[in-house]
Amino acid sequence: MHRTTAMLIELGAIILALGLLGRLAGRVGFSPIPLYLLAGLAFGHGGILPLQASEEFVATGAEIGVILLLLLLGLEYSASELVTNLKTQYPSGAVDFVLNAIPGAVAALILGWGMVAAVALAGVTWISSSGVIAKVLGDLRRLGNRETPVVLGVLVIEDLAMAVYLPILTALLAGVSLAGGTVTLLISLGTVGAVLYVALRHGRLISRAVSSDSAEMLLLVVLGLTLLVAGIAQELQVSAAVGAFLVGIALSGEVAEGASSLLTPLRDLFAAVFFVFFGLSTDPADIPPVLVPALLLAVVTALTKIATGWYAARRAGIQGAGRWRAGGTLVARGEFSIVIAGLAVGVEPRIGPLATAYVLILVIVGPLTARFTEPLARRLTRRSTAAAPAVIPADAERAESAHAHV
């Protein structure tokens, strides 16, 4: 069979399967992300029926999926809202780092993998998946919830922190000098700062230049600009996802609304491809040997992420239900964790299977915690309240005692 024909057949089968799985998930009121991942495992390397002809296209589509997820997320907020979130959420970002990076570093040291692997595994457990969480927020229709800006604030701090973390990790892995690592870090920080400055000061001019009465022209210009900026950001050691997010921040008003409506179907398609590709690139045979440590690490860091979201929402003045929803939403890990693990495999090969199993667990559990953490917390609170003995106020107790003596 001709390679192009095989690719078309495989792509058609993948997209059709995604549609059927999405419909199934919709009928039971469940996020389709875990089903997409399991489908990828079934048809990836070592799976039931490995796909070959379409693998390169799916890999490219997965990259585009992450970029579109972050672009659409950025279109929801203005540059001023981003700066406000950074100013108000930086303590939450610090708590997020302490609670979630330390378990990964400690696990690597306990396993005897060394300090460089500890820095890498700290990043794997620290960074939540912006792509997965963006999809979950949309699926659960929570983009307008009060706690959502808090969740996004934590995610933005994490994504921007990658502009500092990734150059440091790359320098450690390569064993480069302090001067070389410093230059890379300064380039990354300068790039992020420049884009933020342009978005804040000249966002209206950018929106006016991009604006068009033709839906076709608007789609082409916004998509082309996003891919261009994402590619340049990646080349400068800044995440392509961060670049796409900042493009979304730079656009505002009617342009942002029009671009959002045009790009949403594309986002849904390529985001589904991203989750399938994650499963495709994982060999199921590598998972069982590292399942127990990955599961333990997943349990610990799921709880620490819930605590992070609860703390961040509490600081923002959000009430109990919103605090638990924020915490449950942040649990999923994904694209950044895999990127970090991929960089570190050359130094410690065992970190690859462990990170894959860890992310697979939390990318499946994440949509569940986003949906059920708040109802579960509410039920447990009610039970503990009902089980607690009634407390008699001191005045009433004294009155009762006096009456008994009489």
Side-chain angles (χ1 to χ4, degrees), residues 59-83 85-86 127 129-131 133-135 152 155-167 170 184-212 215-267 269-271 273-274 334-336 339:
T60 304
E63 292 285 341
I64 295 173
V66 175
I67 288 170
L68 289 177
L69 280 167
L70 272 295
L71 169 65
L72 269 292
L73 199 61
L75 289 172
E76 295 288 333
Y77 297 91
S78 66
S80 59
E81 289 172 332
L82 171 64
V83 172
N85 275 337
L86 290 175
I127 305 298
S129 171
S130 299
I133 292 170
K135 185 71 168 62
L152 297 180
L155 292 177
V156 168
I157 291 174
E158 288 182 351
D159 288 345
L160 293 178
M162 285 295 95
V164 179
Y165 171 82
L166 286 178
T170 303
T184 303
L185 178 60
L186 289 176
I187 291 174
S188 302
L189 292 177
T191 302
V192 174
V195 174
L196 278 175
Y197 175 82
V198 170
L200 281 168
R201 298 293 183 181
H202 307 292
R204 291 183 180 178
L205 295 177
I206 295 173
S207 297
R208 192 179 305 166
V210 170
S211 178
S212 175
E216 178 185 356
M217 294 302 105
L218 179 63
L219 174 63
L220 292 174
V221 171
V222 172
L223 183 58
L225 177 65
T226 302
L227 294 176
L228 178 63
V229 171
I232 294 173
Q234 189 82 4
E235 183 65 23
L236 294 173
Q237 304 297 320
V238 181
S239 165
V242 172
F245 181 81
L246 294 175
V247 170
I249 291 293
L251 302 177
S252 60
E254 294 182 0
V255 173
E257 293 177 6
S260 181
S261 63
L262 289 171
L263 289 166
T264 296
L266 278 178
R267 177 203 62 185
L269 170 62
F270 284 104
V273 171
F274 162 70
E335 59 276 7
F336 272 132
V339 169

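Just the heavy atoms: all of them, side chains too, but no hydrogens, waters or symmetry mates, feed the values below. One-based numbering along the sequence shown.
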Going from CG on Leu72 to CG on Leu262, what distance comes out if it is rounded to the nearest 0.5 angstrom? 10.5 Å

At what distance, to the nearest 0.5 angstrom, does CD1 of Ile64 lie from CG of Leu223? 7.5 Å

Ile67 CD1 to Phe274 CZ distance, which is reported to the nearest 0.5 Å: 11.5 Å

Which heavy atom of Leu218 sits nearest to which heavy atom of Gly258, and what is that distance? CD2-C, 3.9 Å

Quick check: do Leu266 and Leu219 have side-chain heavy atoms less than 4.5 Å from each other? yes

What's the spacing between Leu225 CG and Leu251 CG if we round to 0.5 Å? 7.0 Å

In the structure I gave you, are the side-chain heavy atoms of Thr60 and Glu63 within less than 4.5 Å of one another anywhere? no

Donor-acceptor check, side chain of Thr264 to backbone of Ser260, threshold 3.5 angstrom: yes or no? yes

Between the CG atom in Leu269 and the CZ atom in Arg267, the distance rounded to the nearest 0.5 Å is 11.5 Å

Here the pair of heavy atoms bringing Ala62 nearest to Val273 is N-CG1, 3.9 Å

To the nearest 0.5 Å, what is the distance between CG on Leu155 and OG on Ser130? 4.5 Å

